[in-house]
*Asks:* 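One structure follows; several queries about it will come next.
The chains referred to below are lettered A, B, ... by the order of the sequence lines, with proteins before strands, and numbering in each begins at 1.
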Protein chains: 2
Amino acid sequence: MVNNLKNPTLKEVASLAQVSTATVSNVINNTKHVSESVKKQVFNAMEALNYKPNEIAKSLRVQQSRLIGILISDISNDFISKVVKGIENTLSEIGYNVLLCSTDSDFEKEKEYLNVFMGKRIDGLIISSSGTGDYEHYEDLIKAKVPVVFLNRCPDHFPSNMVMTNNIKGAYSATEHLIKHGHKKIGIITGPLHFSTGRDRFIGYQRALDDYGIPFRKEIVLEGCFNIESGYELTKKLFEENIDVEALFISNNSMSLGAYKYIKEQGIKIPEEIAIYGYDDPEWADIVDPPLSGIKQPAYQLGIYAAKKIVDTVQGNCTETRGIKYLDPEMVVRKSCGC
Amino acid sequence: MVNNLKNPTLKEVASLAQVSTATVSNVINNTKHVSESVKKQVFNAMEALNYKPNEIAKSLRVQQSRLIGILISDISNDFISKVVKGIENTLSEIGYNVLLCSTDSDFEKEKEYLNVFMGKRIDGLIISSSGTGDYEHYEDLIKAKVPVVFLNRCPDHFPSNMVMTNNIKGAYSATEHLIKHGHKKIGIITGPLHFSTGRDRFIGYQRALDDYGIPFRKEIVLEGCFNIESGYELTKKLFEENIDVEALFISNNSMSLGAYKYIKEQGIKIPEEIAIYGYDDPEWADIVDPPLSGIKQPAYQLGIYAAKKIVDTVQGNCTETRGIKYLDPEMVVRKSCGC
DNA sequence: ATCTTCTAGTTAATCGATTAACTAAAGTAT
DNA sequence: ATACTTTAGTTAATCGATTAACTAGAAGAT
């Protein structure tokens, strides 16, 4: 009797079907013509043994793992998880799988993961991470010629393709909208300015002020981390220090949540006492009071695009090495801005 | 010169260090005593070539992939993504990696993924999925002796370990709390009753009514899917059909969001016109008006526990085959219930 | 009838690691 | 001095697939 604990091998299938291993392989992969009768024997043998090809052995031989790594800072972020969903759905359709790594923006962890990725011989990598803006550790990837696509947060001088939303444009629209409501004293709660997301949204904000002739005031730029706590603390600071501001542009979903938390606690009125325009369009945006106006990023689409791009690169159908694709964000106007 | 496009192999390291491949392997894995001088030669050679062991080759030889599959319905769900984060963080520390598959509760997709998993020879699998309550397709896993841990949604008669929150208890507490507010007409918006989560929360609800001598009324049980749309539609139905209800227990975060959406739209007053207790504790719970009372599940902890369990099983340190671990949910009382 | 081409398969090397079995040299006990 | 252990390494088989190179027989061309 066949050993039940071990998976049957191609060799066993071959011997049961009374053909060579080459023939079995050719049947499975449709790589050479095989007569119908022999095919049938092979299929029968596969069926009888409940054979499942060992993809590890295949990977070793053909030198590709069919694995795409995803390096992200935090899978539990609303926006990121939608991106990942887009990536996963797309890749699985093309026959690739996702190796997920969540770094918590920890530099050391990120470095370690890169080594794991190289060890597992991933075919390509999608990166939406990096806490510090320090990118030396990506050098190894470049050396090893691992195809990389950067998503949303992008290092400046890197021979890799990038996919991102047009953050400058989005932030510009939000700020412009507040200006059109008649506000001149518009503050910003921003994430780290060494992230491209943080920086670009800040630039959009600045540019809108500039275009409308509103002088830039350094004291109403509040920089923190892209998380709930930071949103809360900076809003608190704003009000406790009585900073002279009528409206606020907030740079991402988590920070908006934090801001709302403080504002609700204190019973401050939106938009009367402070008008708000956020970035991102979290699912809770239309059930809070007042509903949050935001800049909706096409998260799922972003994932799809990144997935397609990395596969194209892996398969050599994409010769571009520093292409930047911008997807446009969308204004979702609700009430928090004063509309 | 060494070919730069290909990763250096252990053989190349061996030849540069002028030792056998066995010795290099022993140095890397610390499997046999090797003299300091030889060790140094080997390390130098590794360094010089920038050698990274090929984990695929290793996997083939030692017959383990160090890969754990995760089969989930939707990574963009708030609760699930936290679970996944817990799993990933825990596994990566023990040297395992996560192969992520999101099924959208699509039965065919799930079947396909199981095949992919078997092909990739994952060492173990964590499942929190299955749309239909149909579990035959897991048979193959059992046959192939792939260790499985079920998370949160669990089939009834399966020789696998399970990790879940005590849904009955959580739902009981929520319902009991509404009863103690003096309500007798308490409806439920529930997910599919063929999911163990749906069913157990329903049971908890029923049991609480029973214990307090409140007669069960079939017409105030509204069953739908665990998503926003369903929460919205069922709430709409409730009010449009003028069903006689003072309070509502809502079975998960997405459905609560949908309910709030409808209620806000219609300007219905919570808790005066309808008191609400939800399941889950989404991040927006305390910024909506009134803040949502909920049953908080230890999502991250659940992930940690499942990860540890699957590794223990894989490594043979866990002989249990049908252990069920319940983690307790926690009541978070805010204002929507009437407090 | 002879030579060429085509068809349907087989044989065996290969991918890059691990590891059981072996060996030569040095150390130790009697 | 002899026999036994220990030490520090090597040799070669192995994991399970793919695939280039080969082969025997049938078909087709002249």
*Asks:* Would you say the ring centroid of B/F150 lies under 6.0 angstrom from that of B/Y138?
*Replies:*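 Between B/Y138 and B/F150, which both carry aromatic rings, the centre distance is below 6.0 Å.
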*Asks:* Between D/dT18, C/dT19, C/dT18, which one does the side chain of A/L10 approach most closely?
*Replies:* D/dT18
*Asks:* Identify which nucleotide among D/dT18, C/dA21, C/dT19 has an atom closest to any side-chain atom of A/S25, counting heavy atoms from C-beta outward.
*Replies:* D/dT18
*Asks:* Distance-only, no hydrogens or angles: does the B/S65 side chain make a donor-acceptor pair with backbone N or O of B/R121 under 3.5 Å?
*Replies:*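 Between the backbone of B/R121 and the side chain of B/S65 there is a qualifying donor-acceptor contact (under 3.5 Å).
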*Asks:* Of all the choices, D/dT10, D/dG16, D/dA17, which nucleotide is nearest to the side chain of B/Q63 once you look at every atom?
*Replies:*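 Shortest atom-to-atom distance from the side chain points to D/dG16.
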*Asks:* Taking atom C1' of C/dT18 as reference, at what distance in whole Å does atom CG of A/L60 sit?
*Replies:* 13 Å
*Asks:* How close or far is atom P of C/dG16 from atom OH of B/Y51, stated in whole angstroms?
*Replies:*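 From B/Y51 OH to C/dG16 P: 10 Å.
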*Asks:* Quick one: B/K11 NZ to D/dA13 P, roughly how many Å, whole number?
*Replies:*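 The answer, rounded to whole Å, is 13 Å.
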*Asks:* So if I take every side-chain heavy atom of A/A22 and compare against D/dG16, C/dT19, C/dT10, which nucleotide ends up nearest?
*Replies:* C/dT10
*Asks:* Which whole-number value in Å describes the distance from A/I56 CD1 to D/dA17 C1'?
*Replies:*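 Roughly 11 Å, once rounded to whole Å.
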*Asks:* Using the side-chain heavy atoms of B/T23, tell me which of these nucleotides is nearest: D/dT10, D/dT19, D/dG16.
*Replies:*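 Looking only at heavy atoms from C-beta outward on B/T23, the closest nucleotide is D/dT10.
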*Asks:* Given the structure, check if the side chain of B/K58 and the base of C/dG16 hold any donor-acceptor pair shorter than 3.5 Å.
*Replies:*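 No, the side chain and the base share no sub-3.5 Å donor-acceptor pair.
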*Asks:* When you check the gap from the basic side-chain N to the acidic O, do B/D104 and B/K109 get nearer than 4.0 Å?
*Replies:*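 So B/D104 pairs with B/K109 through a salt bridge.
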*Asks:* Using atom NZ of B/K120 as one end and atom P of D/dC15 as the other, report the distance to the nearest whole Å.
*Replies:* 22 Å
*Asks:* Identify which nucleotide among D/dG9, C/dG9, C/dA17 has an atom closest to any side-chain atom of B/S35, counting heavy atoms from C-beta outward.
*Replies:*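 The listed nucleotide nearest to B/S35's side chain is D/dG9.
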*Asks:* Heavy-atom nearest nucleotide on DNA chain C for A/T21 versus A/H33: which residue maps closer to 5'?
*Replies:*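 Nearest nucleotide further toward 5': that of A/H33.
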*Asks:* Do the side-chain N or O atoms of A/T9 get closer than 4.0 angstrom to the phosphate oxygens (OP1, OP2) of D/dG16?
*Replies:* no
*Asks:* Among C/dT18, D/dA17, C/dA12, which is the nearest nucleotide to the side chain of B/N29?
*Replies:* C/dT18
*Asks:* Please check if atom CD in B/E320 has more than 12 non-hydrogen atoms from other residues, nucleotides or ligands closer than 6.0 Å.
*Replies:*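 Atom CD in B/E320 is crowded, with more than 12 foreign heavy atoms closer than 6.0 Å.
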*Asks:* Considering heavy-atom distances to DNA chain D, does A/A57 or B/E36 have its closest nucleotide positioned more toward the 5' end?
*Replies:*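 So the residue in question is B/E36.
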*Asks:* In whole Å, what is the span from the CZ atom of B/R121 to the P atom of D/dG16?
*Replies:*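 Roughly 8 Å, once rounded to whole Å.
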*Asks:* The side chain of A/R61 is closest to which nucleotide in this list: C/dT10, D/dT18, D/dC15?
*Replies:* D/dT18
*Asks:* Hey, is the side chain of A/Q64 poking within less than 4.0 Å of OP1 or OP2 on C/dC15, counting only N and O atoms?
*Replies:*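 No, A/Q64 has no side-chain N/O under 4.0 Å of OP1/OP2 on C/dC15.
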